[in-house]
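So the structure is just underneath, and the comments pick up after that.
Residue numbers begin at 1 in each chain, while the letters A, B, ... track the order of the sequences. Note that the structure is a prediction, hence the values are computed from the model and not measured.
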Amino acid sequence: MQKLPRSFYTRKTSTVAKNLLGKILVRRIGRNILTGKIVETEAYLFNDTASHSFRGMTERNKVMFGKGGFLYVYFTYGMHYCANVVTFKEGIGEAVLIRAVEPKNGMKVMLKNRGLINERNHLKTTNGPAKLAQAFGLTKKQSGTDLTGSVIFITNGDTVPRSKIVTTTRIGISTAKEKKLRYYIKDNAWVSKK
DNA sequence: TCCACGATCGGCT
DNA sequence: GCCGATCGTGGAG
């Protein structure tokens with residue numbers, strides 16, 4: 001499958017967020033390959049009070065202000081990591097939060113990373129931003145990884161018809177709640193529950 | 001220095 | 001539906 005080029009990421013952030021649905025997130029860990037279809041995303045914009053970039057560049061969020069197509073991972077709630085893709089132009093500070101994926105390859109490793117005993121709870125493996133970050137082994141160490149490289153990247157996958165894409169408000173934020181910047185694939189079981 | 005808070009999750013009621 | 005866990009981050013002092 002075709003790895004997404006830099007030009008995919010440097011477009012308008014809401015466009016990238018929508019177009020990431022159906023694409024395949026790939027992580028190489030040693031001999032293992034973990035892959036999953038992206039089924040839910042959220043866009044975070046430069047003039048957006050809910051975005052980490054809103055108050056300017058800091059040590060934590062500087063990756064967001066870099067070139068598009070890099071991974072931005074942050075730590076929150078004292079115990080969780082969340083993975084984002086930097087988008088649009090350098091110096092602006094926009095990104096797309098990957099909220100959920102449908103696992104494809106490497107389910108065993110993902111379950112192990114999540115501390116789940118068996119596949120009975122398989123739906124809990126990657127149906128939320130902190131869960132998929134844990135399943136894919138994404139932490140602060142992976143923040144700043146170039147997604148056009150060969151360790152963590154995104155490839156073409158299913159083309160999602162417009163009629164299957166739901167646009168709605170974002171989850172878990174205290175400001176800018178009215179902005180419709182969350183996108184997910186309709187009827188997909190792996191989309192996170194509100 | 002200090003301190004309030006968070007782009008969440010899982011367990012409990 | 002609610003609530004506690006748990007700590008890095010950044011703004012205030």
- Run through V96(A), V101(A), V85(A) and flag the one making a side chain to side chain contact (heavy atoms under 4.5 Å, CB included) with I38(A). V101(A)

- Taking every non-hydrogen atom, the tightest pair across L71(A) and A83(A): CD1-CB, 4.3 Å

- Can you tell me if S192(A) and E40(A) form a side-chain donor-acceptor pair at under 3.5 Å? yes

- Query: Between which nucleotides of DNA chain B, read 5' to 3', does contact with chain A run, using atoms under 4.0 Å from its heavy atoms?
  - Reply: dG6(B) to dG10(B)

- Task: Using distance alone, with no hydrogens and no angle criterion, decide if K23(A) and N19(A) have a side-chain donor and acceptor under 3.5 Å apart.
- Result: no

- Any side-chain donor near an acceptor of the partner, T148(A) and R6(A), under 3.5 Å: yes

- Query: Can a side chain N or O of K140(A) be found less than 4.0 Å away from OP1 or OP2 on dT9(C)?
  - Reply: yes

- Task: For salt bridge (Lys or Arg N to Asp or Glu O under 4.0 Å), just list the numbers for E42(A) and R99(A), CA-CA rounded to whole Å, side-chain angles, deciding distance to a tenth of an Å, and then say yes or no.
- Result: CA-CA 7 Å; E42(A) 282 179 1; R99(A) 285 196 55 90; 3.7 Å; yes

- Message: If you take any heavy atom closer than 4.0 Å to DNA chain B, which residues from residues 43-68 of chain A end up in contact?
- Response: Y44(A), A50(A), H52(A), M64(A)

- Query: If you take all heavy atoms of K140(A) and V73(A), which pair is closest and at what distance?
  - Reply: N-CG1, 4.2 Å

- Message: Can you confirm whether more than 12 heavy atoms, excluding those of R11(A), are under 6.0 Å from its CZ atom?
- Response: yes

- Item | Parallel, tilted or perpendicular: ring planes of Y74(A) versus Y72(A), cut at 30 and 60 degrees | tilted

- Near-strand residues of residues 81-102 of chain A, defined as heavy-atom separation under 4.0 angstrom from DNA chain C: none

- Given a cutoff of under 4.5 Å between side-chain heavy atoms of I, L, V, M, F, W and Y, with clusters grown through shared members, what are the other residues clustered with I24(A)? M1(A), V26(A), I33(A), F153(A)

- Message: Base, sugar-phosphate or nothing for R182(A)? Non-hydrogen atoms, less than 4.0 Å.
- Response: nothing

- Query: In terms of side-chain geometry, is the basic nitrogen of K164(A) or D158(A) positioned less than 4.0 Å from the acidic oxygen of its partner?
  - Reply: no

- Neighbour count above 12 (heavy atom, 6.0 Å) for K3(A) NZ: yes

- Got a sec? Which of residues 130-137 of chain A come in under 4.0 Å of DNA chain B, heavy atoms? A130(A), K131(A)

- Using both pair distances under 3.5 Å as the test, note the stems of at least 3 consecutive Watson-Crick or G-U pairs that include DNA chain C. B:1-6 with C:7-12, B:8-12 with C:1-5

- Please report the shortest heavy-atom distance between Y9(A) and G68(A), naming the atom on each side. CB-C, 4.0 Å

- Message: Can you confirm whether L34(A) sits close enough to N105(A) that some side-chain heavy atom of one is under 4.5 Å from a side-chain heavy atom of the other?
- Response: no

- Should W190(A) and H122(A) count as side-chain neighbours, where that means a heavy-atom distance under 4.5 Å? yes

